[in-house]
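In this chain, residues are counted from 1 in sequence order.
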Amino acid sequence: MTQVVTPPIRPPAAVRTAFWLAVASTVAGGVSAVLIFFDIDLLSGGHGEKVAYGSAGFALVVLALQLLLALRMRAGAGWARIVLTVLMVVMLLAVPGDVSYLAGHTGSVLGLAELAASCLQGLLALGYLGAAHLRGTGAWFRRR
C-alpha cells in the first residue's frame, strides 16, 4: 500500500502579501524602537532615561508578538488575523501623535530617521489591513 503525500496548501496571494506587509511593518517599528536607544533625548526630553528605555523595550516586546501573530496568520489561524488587526489599528492610532511629537524634534539625523520609520510603519500597517481583509482571504481562514 502506498501513501499519497499531498503538498501543503499555499495561502492565497493576498494572505502572503499581508504577511510580508506585517513583517515589514514590524521591522520598521523595530528600527524606530532601536533608534530611541541611540537618541534617548528624543523620547525623554533629556529626563527619565529609565522611562525611555522601558517604553522602547515594551515596543520591542509588542513587535515580537506581532511577528509571531503574523506567522500564525499566514498558517491560517483566523484568531491571529483578528488580534494582529487590532494591534495594527492601535498602532495606527498612535502614529499621528508620534509624527506630531517627532516633527518638533527633527533637529538631528536620528530624529528624522525616527520620523521616517514611524511613517513607514504606519503605511505598511495600512497595507496589511487592506491585504488581510480582501474578499478571497476569508475562505483561507475558515478552512483552518
Would you list the atom pairs, donor with acceptor, under 3.5 Å between side chains in residues 79-86 and any protein atom, with sequence neighbours excluded?
unit_1	atom_1	unit_2	atom_2	d
R81	NH1	A132	O	2.8
R81	NH1	T137	OG1	3.2
T85	OG1	R81	O	2.7
T85	OG1	H133	NE2	2.8

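Hydrophobic cluster membership is shared by L126 and V89, with clusters built from Ile, Leu, Val, Met, Phe, Trp and Tyr side chains linked at under 4.5 angstrom. Cluster annotation: V95 and L123 are assigned to distinct hydrophobic clusters (Ile/Leu/Val/Met/Phe/Trp/Tyr, side-chain heavy-atom contacts under 4.5 Å, transitive). Using a 4.5 Å cut-off between side-chain heavy atoms of Ile, Leu, Val, Met, Phe, Trp and Tyr, with links allowed through other members, L65 and L67 fall into the same hydrophobic cluster.
Note that CE of M91 and OH of Y128 are 11.0 Å apart. Values are rounded to the nearest 0.5 Å. If you take CH2 on W20 and CZ on R74, they are separated by 6.5 Å, rounding to the nearest 0.5 Å. Taking CG from L129 and CG from L124, the interatomic distance works out to 11.0 Å, rounded to the nearest 0.5 Å.
Minimum interatomic distance between P11 and V15 (heavy atoms only, all atoms of both residues): CB-CG1, 3.8 Å.
Listed for the S32 side chain is no donor-acceptor partner under 3.5 Å among the backbone atoms of A28.
By the side chain to side chain contact (heavy atoms under 4.5 Å, CB included) test, L63 is found to be paired with T26, L60, Q66, Q121, residues two or more places apart in sequence or in another chain being considered.
With a 4.5 Å cut-off on side-chain heavy atoms, V23 and L71 do not count as touching.
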